[in-house]
Amino acid sequence: MIIAGFEKNSLLDYPGKISSIIFTYGCNLRCRYCHNPELVIKPCKKKMIISEDTVINYLKKRKGLIDALVITGGEPTIQPDLIPFIKKIKELDILIKLDTNGVLDKKVEEIIRLDIVDYWAMDIKFPSEYGIDTQSIKRSVKMIMNSGKEYEFRTTYVKGLHAIEDARNVGKMIKGSKNYYIQNFRKGKTIDPTLNSSNSFTEKELEEIKEIITPYVKHVVIR
Ligand code: SF4
């Protein structure tokens, strides 16, 4: 595992739990609005890397105080040794939340079969932006919905890249799901430095997106 970031304590990233967060290096997509360019397009410097043992030892020391480990990135599923790493964490009796873009559906399938993730958070992208296979994304969505685990889907909406009506395709893709979060683009450090505050939707536009998605999903939140 190439771990390039470690946040020791968070009350926000695993609903209702105290978690630690690791950020894996590298991604199989290049979202223009990605807020983690240092994990995606910048070279991975040796000094950024945190060993698996550092994370495991911290969790051991904080046993009973940290409930969960959130694995985010980058895209964690591209890490060849993700599964053995998760297994090591599960031995500590720690919950796992895994963030993914769902492109590597075979990896998602294997993890679900092994029953080692407790909470899935999948970003729903617009496949047309990347020329990626819609089928793999749809498969990941269905498998996560049927996994019996907690899950959420979410999309970052970027004005100028996404149209409000695009939300209907997202709704169809995740039809029947429990939780969906609409995330507005926020200006800041991004892969595409030309994106700025004009790429954020207004409150009213976000409500329109919510209205489009609501018939497909039980619980839709703008965050
Ligand atoms: S937003 Fe996520 S999927 Fe997109 S490039 Fe960044 S880490 Fe990869």
Side-chain angles (χ1 to χ4, degrees), residues 1-7 10 12-14 19 21-45 48-50 69-82 85-86 96-108 111 117 119-141 143-144 151-162 166-167 169-170 173-174 179-197 199-201 206 209 222-223:
M1 288 272 286
I2 306 179
I3 302 167
F6 181 30
E7 220 173 286
S10 166
L12 301 173
D13 288 79
Y14 193 123
S19 62
I21 311 169
I22 56 167
F23 299 81
T24 61
Y25 177 82
C27 186
N28 48 2
L29 296 182
R30 295 283 182 276
C31 306
R32 289 169 60 187
Y33 51 86
C34 178
H35 284 302
N36 292 321
E38 67 283 358
L39 296 174
V40 179
I41 56 164
K42 302 254 168 83
C44 184
K45 296 198 184 112
M48 289 162 64
I49 297 178
I50 293 143
L69 179 68
V70 175
I71 307 176
T72 188
E75 172 54 39
T77 62
I78 67 167
Q79 301 291 327
D81 42 2
L82 174 67
F85 176 75
I86 295 178
I96 297 280
K97 175 171 176 266
L98 184 63
D99 290 4
T100 182
N101 58 33
V103 173
L104 296 185
D105 55 329
K106 297 256 164 57
K107 190 64 91 65
V108 170
I111 293 170
V117 162
Y119 193 114
W120 288 87
M122 179 174 161
D123 285 339
I124 307 292
K125 310 283 182 189
F126 295 94
S128 55
E129 264 181 56
Y130 310 92
I132 46 177
D133 177 16
T134 321
Q135 289 314 316
S136 63
I137 305 272
K138 286 183 180 163
R139 269 195 87 227
S140 290
V141 166
M143 288 188 292
I144 289 171
Y151 66 86
E152 66 183 53
F153 297 126
R154 66 256 181 121
T155 304
T156 301
Y157 286 86
V158 187
K159 202 172 186 170
L161 302 186
H162 308 135
D166 290 340
N169 288 332
V170 173
M173 205 184 294
I174 60 170
N179 295 309
Y180 179 70
Y181 295 92
I182 297 165
Q183 301 173 158
N184 200 5
F185 172 77
R186 289 188 181 86
K187 75 166 182 164
K189 176 187 54 162
T190 44
I191 285 184
D192 179 350
T194 66
L195 297 177
N196 55 49
S197 48
N199 295 99
S200 298
F201 284 98
L206 294 172
I209 292 171
I222 299 169
R223 73 172 166 205

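These numbers come from the heavy atoms of this one structure, side chains and all, not from hydrogens, waters or symmetry mates. Both counts, for ligands and for their atoms, begin at 1 and track the order of listing.
- Of all atoms in ligand 1, listed by their number and element, those nearer than 4.0 Å to a heavy atom of Asn101 are 3 (S).
- Of the protein's non-hydrogen atoms, the one nearest atom 8 (Fe) of ligand 1 is Cys27 SG, 2.2 Å.
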Quiz prompt | Step-by-step side chain to side chain donor-acceptor pair (under 3.5 Å) determination, Asp192 to Thr190 | solution = CA-CA 5 Å; Asp192 179 350; Thr190 44; 6.0 Å; no
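- Considering every non-hydrogen atom in both Ser10 and Ile21, the closest pair reads CB-CD1, 3.8 Å.
- Note on ring orientation: taking the six-membered ring where Trp is involved, the planes of Phe126 and His162 are tilted (angle from 30° to 60°).
- Within the 4.0 Å heavy-atom shell around ligand 1 one does not find Asn36.
- In terms of heavy atoms, Leu39 sits closest to Ala4 at CD2-CB, 3.6 Å.
- Listed by atom number, the atoms of ligand 1 under 4.0 Å from Gly74 heavy atoms are 7 (S).
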Exercise. Go through the steps to decide whether Arg154 and Asp99 satisfy the test salt bridge (charged side-chain N to carboxylate O under 4.0 Å, His left out), and finish with yes or no.
Key: CA-CA 10 Å; Arg154 66 256 181 121; Asp99 290 4; 3.3 Å; yes
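- Residue His35 places no heavy atom under 4.0 Å from ligand 1.
- Remark: minimum distance from atom 2 (Fe) of ligand 1 to any protein heavy atom is reached at Lys125 NZ, 4.0 Å.
- A donor-acceptor contact closer than 3.5 angstrom is absent between the side chains of Gln183 and Thr155.
- If you number the atoms of ligand 1 from 1 as listed, the ones under 4.0 Å from a heavy atom of Leu29 come out as 5 (S).
- Counting only non-hydrogen atoms, the option in Gly26, Cys34, Cys31 that gets closest to atom 4 (Fe) of ligand 1 is Cys31.
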